[in-house]
Amino acid sequence: MSYLAPSEFVTKMVDAGESKIFMSTRDTIIRAYMAGAILALAAWFAVTITVNTGQPLVGALLFPVGFVMLYLLGFDLLTGVFVLSPLALIDKRPGVTLNGVLRNWGLVFVGNFAGAFTVAFMMAFVTTFGFTQAPDKVGAAIGNIGEGRTLGYAAHGAAGMATLFLRGMLCNWMVSTGVVGAMISTSVPGKVIAMWMPILVFFYMVFEHSVVNMFLFPSGLLLGAKFSIMDYLIWNEIPTVLGNLVGGLAFTGMTLYATHVMTLPKRQAEKLAKPRVAA
């Protein structure tokens with residue numbers, strides 16, 4: 001069977017959240033590091049395609065290759081654990097605590113940022129021949145993204161901040177749908193197709209993804225773009241992280257859990273659930 005019913009894959013979501021909370025610090029950081037690095041490479045790839053072809057849709061169509069690779073390899077993005085880990089707490093899995101959820105989020109954030117920053121440095125080095133010349137057209141385009149999506153929001157004040165937050169919500173609505181997409185099929189082609197569609201939507205619509213931005217904005221700073229670290233944190237990363245959290249959990253995690261697990265008869269829910277992890 002290549003497709004799982006919602007009641008089955010939502011239980012898999014809760015199980016996945018539980019396993020991530022109990023994962024060791026080392027494994028959590030390594031998996032998050034690799035996820036951040038691969039997603040950063042995909043963003044660099046997509047920007048390169050867009051610059052070279054002049055067609056943003058082509059870049060958006062191909063960007064999901066990075067997302068697919070990292071999830072098939074079992075790596076973790078902050079946007080994914082924002083949705084999965086709290087479900088284990090809500091489901092009252094033994095040993096799962098709020099501190100455990102927050103620990104998981106913190107470790108994944110650190111790992112994602114380290115991986116994305118590594119690729120940002122490599123990109124800046126490559127596009128400037130070791131910082132010996134001005135960036136090439138791809139590097140210049142990435143620097144412009146950083147300026148436009150920090151100072152551009154700041155220029156609109158509170159309305160800009162609200163817009164940024166909503167774009168973060170919309171982003172993880174789509175990205176977390178991609179995370180769920182990896183669970184609704186038992187075949188690799190099915191997983192790939194289910195993941196590809198919502199990631200294409202988020203990237204083409206220029207929604208705000210906290211991990212992609214961990215690559216784009218440090219890249220801009222390394223390349224001499226005219227915005228500051230505080231501009232990046234206040235007028236992008238922090239509101240984006242909060243928007244990603246709210247959007248993914250509200251529109252994907254809780255809606256699926258509330259309608260496909262909480263409404264199940266007790267015996268059926270127990271039958272679907274795997275044995276609990278000991279505290």
Look at the side chain of [X] and the backbone N and O of [Y], then say whether any donor-acceptor pair between them is shorter than 3.5 Å.
| X | Y | answer |
| --- | --- | --- |
| Asp136 | Val138 | yes |
| Thr252 | Leu249 | no |
| Asn144 | Ala140 | yes |

Are [X] and [Y] grouped together when hydrophobic residues (ILVMFWY) are joined by side-chain heavy atoms under 4.5 angstrom apart?
| X | Y | answer |
| --- | --- | --- |
| Ile29 | Val108 | no |
| Met205 | Val212 | yes |
| Leu233 | Val241 | yes |
| Val110 | Leu102 | no |

Does the side chain of [X] reach to within under 4.5 Å of the side chain of [Y], using non-hydrogen atoms?
| X | Y | answer |
| --- | --- | --- |
| Thr240 | Asn236 | yes |
| Phe215 | Met123 | yes |
| Asn244 | Cys171 | yes |
| Val10 | Met183 | no |
| Phe227 | Phe217 | yes |

Rounded to the nearest 0.5 Å, what's the gap from [atom1] on [X] to [atom2] on [Y]? Could you check?
| X | Y | atom1 | atom2 | result |
| --- | --- | --- | --- | --- |
| Arg149 | Trp235 | CZ | CH2 | 15.5 Å |
| Met161 | Ile234 | CE | CD1 | 7.5 Å |
| Glu8 | Thr11 | CD | OG1 | 8.0 Å |
| Phe125 | Phe131 | CZ | CZ | 7.0 Å |
| Glu237 | Leu164 | CD | CG | 9.5 Å |
| Thr50 | Gln55 | OG1 | CD | 9.0 Å |

Provide the closest heavy-atom pair for [X] versus [Y] in the form atom of the first, atom of the second, distance.
| X | Y | value |
| --- | --- | --- |
| Ala194 | Ile184 | CB-CD1, 3.8 Å |
| Val211 | Asn112 | CG2-OD1, 3.4 Å |
| Met23 | Arg103 | O-NH2, 3.3 Å |
| Asn104 | Ser85 | OD1-OG, 2.7 Å |
| Ala88 | Ile21 | CB-CD1, 4.1 Å |
| Gly181 | Met195 | C-CG, 4.2 Å |

(request) Indicate whether the side chain of Thr186 and that of Tyr3 have a donor and an acceptor atom separated by less than 3.5 Å. (result) no
(request) Run the salt-bridge test on Glu18 and Arg93 with the 4.0 Å N-O cut-off and return the result as yes or no. (result)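 Judged by the 4.0 Å cut-off on N to carboxylate O distance, Glu18 and Arg93 do form a salt bridge.
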(message) Going by ring-ring contact (aromatic ring centres under 6.0 Å, His included), name the residues that satisfy it together with Trp173, two or more places apart in sequence or in a different chain.
(response)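 Partners of Trp173 by the ring-ring contact (aromatic ring centres under 6.0 Å, His included) criterion, ordered by chain and then number, come out as Phe251.
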Under 3.5 Å donor-acceptor pairs involving side-chain atoms of residues 59-84, not counting sequence neighbours:
residue: Asp76; atom: OD1; partner: Lys20; partner atom: NZ; Å: 2.6
residue: Thr79; atom: OG1; partner: His209; partner atom: NE2; Å: 3.2

(message) Does Ile229, at its CD1 atom, have more than 12 non-hydrogen atoms belonging to other residues, nucleotides or ligands within less than 6.0 Å?
(response)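 Atom CD1 in Ile229 is not crowded, with 12 or fewer foreign heavy atoms closer than 6.0 Å.
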(message) Does the plane of the ring in Phe113 sit parallel, tilted or perpendicular to the ring in Phe109? Use 30° and 60° as the thresholds.
(response) parallel
(request) Decide side-chain contact (heavy atoms from CB on, under 4.5 Å) for Val188 and Val192; before the verdict, give the C-alpha distance in whole Å, the side-chain angles of both, and the deciding distance to 0.1 Å. (result) CA-CA 6 Å; Val188 172; Val192 170; 4.1 Å; yes
(request) Please assess Met254 against Ile90 for the test side-chain contact (heavy atoms from CB on, under 4.5 Å), listing each intermediate value before the final yes or no. (result) CA-CA 9 Å; Met254 283 307 302; Ile90 294 166; 3.3 Å; yes
(request) With sequence neighbours left out, write down each residue that passes side chain to side chain donor-acceptor pair (under 3.5 Å) with Ser228, or none if nothing qualifies. (result)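 Scan of Ser228 (side chain to side chain donor-acceptor pair (under 3.5 Å), adjacent residues dropped) gives Asp231.
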(request) Report the C-alpha distance between Phe202 and Arg167 in whole Å, list the side-chain angles of each, state the deciding distance to 0.1 Å, and finish with yes or no for side-chain contact (heavy atoms from CB on, under 4.5 Å). (result) CA-CA 9 Å; Phe202 120 69; Arg167 281 186 171 174; over 6 Å; no
(request) Kindly indicate, with the supporting measurements, whether the criterion side-chain contact (heavy atoms from CB on, under 4.5 Å) is fulfilled by Leu242 and Val246. (result) CA-CA 6 Å; Leu242 295 175; Val246 174; 5.6 Å; no
